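Beneath this line is the structure, given in structure tokens, with notes to follow.
Worth saying up front: this structure is predicted, and the values here are computed from it rather than measured. The first residue of the sequence shown is numbered 1, and numbering continues consecutively from there.
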Amino acid sequence: MTDAVVTMEFHPQPTAGPASPWAFPAPERGTLANGMTVLRCHRPGQQVVAVEVFLAAPLDAEPEGLDGVATIMARALTEGTDKHSAEEFAAELERCGATLDAHADHPGLRVSLEVPVSRLPKALSLLAEALRAPAFADSEIERLVRNRLDEIPHEQANPARRAAKQLSKELFPATARMSRPRQGTEETVAAIDAAAVRAFYEAYVRPSTTVTVVVGDLAGTDLDAILADTLGDWTGDTAEPRPVPPITADDTGRVVIVDRPGAVQTQLLIGRIGPDRHDRVWAAQVLGTYCLGGTLTSRLDRVLREEKGYTYGVRSFGQVLRSGPDGGAAMLAISGSVDTPNTGPALDDLWKVLRRLAAEGLTDAERETAVQNLVGVAPLKYETAAAVAGTLADQVEQFLPDDYQAQLYAQLADTGTVEATAAVVNAFPADRLVTVLVGDAAQIAEPVRALGIGEVTVVTG
């Protein structure tokens, strides 16, 4: 018996083709017969459709003494309608595999829906029902108010949430809605009833001031017909856009310690307000802020985490608060936590990082790494329909053009080291920062005073 000889033919190894250029998806804009603006974006392969609805009901429109009514209304929109009880409405959503959420923020309310494209007509009919005929039953509003009141003590106990609340109080004048908690206080939430929610809804929720974003694989879907039969059936009067109030803040350098006796860590939140996305400096500010504290390899982490071991991580960021047609403002902040004994040394080193940055600037290598991370990750960041829809809705509520995000990535790639340095130095001037520390005042107050970074005040936790 002889062994057979097998001859194998090898095909050439495939090679990668040229990389396809990526750009943030461009939406199509249209208007329904009832005045509602619709942005649609076809994303092949995205079988789960994301819908974002922006309702122009900003927090500064809340009646005096009823802070939090926008939040209660947002939650109530997902809690039943005149046609379906809360249990029936939830069951209908579940039957079509949909999720529905809503929240209120300074620009207005956002309602978010995700559903398989095959169930889109039914899900949009439920969404339209929620917007057109919310129940706002006394018992449901009372339950939502109780739930919100139960949440507030937990938020007070959370150091990061407590620091954010104190920073807003410090930065903005007491008359400004931004100085107070977004979701209200115990006193204001307790005053909310069904009549107040209904009045707020009737005053500010209407199709003519609403924008809906639809993103997903829309091939073979007659979206025009579906929208006409669902959201297009919602009727209401027209209204002039509500004026956007100017944002003012006091960034005099100072320190506020929220006393938590016995705390083993100190929560840091250091901030001020600065330019928003309407300002030409935004791209450079994003780049410079990322170099300062956007990742584990940024300057703040290299010093405070890797070299000194004070913290698990410190981050710097810019978050738009509210914008109008002519611009607005963003919160520029540095956040993190350190162990109590090293609070003073950690702040000292943090300020040294800021001063050295102002004196020496960023390096070309830092800028290049930031560009690669911010621009290079974009195709992954926007893989889902929900991510694209959320960003398009952000652009709407900030009065930005539909191609803004695509232009931003081009600007980031073109921004040089000098521009990024100037932007981040202007964003975080060492002598114009409000510092909030949530920790044990008995242990940290004197070391912090010795730093000379501003007058130190202690408040109860």
Side-chain angles (χ1 to χ4, degrees), residues 34 36 48-57 59 61-63 66-105 108-116 119-152 182-184 188-207 209-214 226-227 229-236 386 393:
N34 59 5
M36 180 186 296
V48 176
V49 175
V51 180
E52 287 279 337
V53 180
F54 172 67
L55 305 173
L59 296 190
E62 293 178 319
L66 291 178
D67 289 358
V69 70
T71 291
I72 298 299
M73 187 188 80
R75 296 181 180 185
L77 287 175
T78 67
E79 293 284 339
T81 67
D82 288 346
K83 182 179 178 181
H84 293 102
S85 68
E87 293 79 8
E88 292 169 342
F89 191 71
E92 289 291 325
L93 285 170
E94 186 174 348
R95 271 192 282 273
C96 60
T99 60
L100 184 65
D101 296 296
H103 74 276
D105 208 337
L109 267 68
R110 291 272 285 271
V111 183
S112 305
L113 170 74
E114 287 189 81
V115 63
R119 310 290 177 84
L120 182 61
K122 176 60 176 177
L124 280 180
S125 71
L126 291 170
L127 173 61
E129 186 181 321
L131 295 173
R132 182 177 61 242
F136 296 147
D138 290 352
S139 59
E140 290 298 327
I141 299 301
E142 290 169 2
R143 178 179 61 81
L144 292 172
V145 167
R146 289 196 302 271
N147 289 348
R148 178 65 198 130
L149 291 173
D150 288 341
E151 293 170 359
I152 293 175
R182 285 173 168 83
Q183 300 182 72
T188 62
V189 172
I192 296 170
D193 57 16
V197 174
R198 173 67 65 177
F200 190 72
Y201 168 86
E202 291 176 348
Y204 298 105
V205 180
R206 52 180 56 85
T209 57
T210 297
V211 180
T212 297
V213 179
V214 184
I226 295 172
L227 290 171
D229 291 340
T230 55
L231 294 172
D233 253 357
W234 178 22
T235 59

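- With sequence neighbours excluded, no residue satisfies salt bridge (Lys or Arg N to Asp or Glu O under 4.0 Å) with D193.
- Take T78 and apply the side chain to side chain donor-acceptor pair (under 3.5 Å) test, not counting sequence neighbours, and it matches no residue.
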What side-chain donor-acceptor pairs closer than 3.5 Å can you find for residues 120-132, not counting sequence neighbours?
| from | atom 1 | to | atom 2 | distance (Å) |
| --- | --- | --- | --- | --- |
| K122 | NZ | E92 | OE1 | 3.3 |
| S125 | OG | K122 | O | 2.5 |
| E129 | OE1 | H84 | ND1 | 3.4 |
| E129 | OE2 | T81 | OG1 | 2.3 |
| E129 | OE2 | H84 | ND1 | 2.7 |

- Message: Assess the residue pair L227 and M36 against the criterion (side chain to side chain contact (heavy atoms under 4.5 Å, CB included)); give the C-alpha distance rounded to whole Å, side-chain angles, the decisive distance to 0.1 Å, and a yes or no.
- Response: CA-CA 10 Å; L227 290 171; M36 180 186 296; over 6 Å; no

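- For the pair L66 and A191, the tightest heavy-atom approach, listed with the atom from each and the gap, is CD2-O, 3.6 Å.
- Side-chain N or O atoms of E62 include one that pairs as donor or acceptor with a backbone N or O of G68 at under 3.5 Å.
- Taking the salt bridge (Lys or Arg N to Asp or Glu O under 4.0 Å) definition, one finds that E151 meets it with R75, R148, sequence neighbours left out.
- The two residues P207 and T235 come nearest to each other via the heavy atoms CG-C, 4.0 Å.
- Annotation: side chain to side chain donor-acceptor pair (under 3.5 Å) contacts of T209 (sequence neighbours excluded): none.
- The side-chain heavy atoms of Y204 and L55, taken from C-beta on, include no pair separated by under 4.5 Å.
- In this structure, CD1 on I152 lies 7.0 Å from OG1 on T188, to the nearest 0.5 angstrom.
- For L100 against L113, the heavy-atom pair with the smallest separation is CD1-CB, 4.1 Å.
- Summarising the geometry of V214 relative to V49, their closest heavy-atom pair is CG1-CG1, 3.8 Å, with the distance given to 0.1 Å.
- Counting only residues at least two apart or in different chains, salt bridge (Lys or Arg N to Asp or Glu O under 4.0 Å) contacts with residues 135-146 comprise E79-R143, E140-R143.
- Annotation for A104 and L59: closest pair CB-CD2, 4.1 Å, computed over non-hydrogen atoms.
- Using modelled atom types, one side-chain atom of N34 and one backbone atom of W234 make a donor-acceptor pair closer than 3.5 Å.
- Heavy atoms only, all atoms of each residue included: V69 and A196 are closest at CG2-O, 3.9 Å.
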- Give the C-alpha distance, both sets of side-chain angles, the deciding distance and a yes or no for side chain to side chain contact (heavy atoms under 4.5 Å, CB included) between K83 and F89. CA-CA 9 Å; K83 182 179 178 181; F89 191 71; over 6 Å; no

